[in-house]
Amino acid sequence: MTKLDRATREEIKAEVDELVQSDAEREMEAQFQARFDLAQELWLKIAEQV
């Protein structure tokens with residue numbers, strides 16, 4: 001196994017960081033959408049009872 005040069009390591013690290021950030025953003029968006037949908041559903045149930 002050969003050692004990766006510094007530039008290659010930095011490129012790999014940057015790509016991994018970008019992928020992790022992208023996954024985290026998608027997860028946050030999914031959680032936000034789930035909360036929004038739940039809140040909307042609850043407001044509709046409240047409105048039906050009024």
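Residue indices begin at 1 and follow the sequence shown.
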Exercise. Out of curiosity, Glu11 CD to Thr8 OG1, how far, rounded to the nearest 0.5 Å?
Worked result: 5.5 Å
Exercise. Is it true that Lys13 and Asp17 make a salt bridge, defined as a side-chain N closer than 4.0 Å to a carboxylate O?
Worked result: yes
Run the side-chain donor-acceptor check on residues 27-36: report pairs under 3.5 Å with partners two or more places apart or on a different chain.
| residue | atom | partner | partner atom | Å |
| --- | --- | --- | --- | --- |
| Glu27 | OE2 | Gln31 | NE2 | 3.1 |
| Gln33 | NE2 | Asp37 | OD1 | 2.8 |

Exercise. Any side-chain heavy-atom pair from Glu18 and Ser22 closer than 4.5 angstrom?
Worked result: no
Just distance, no hydrogens or angles: give the donor-acceptor pairs under 3.5 Å from side chains in residues 38-50, sequence neighbours left out.
none

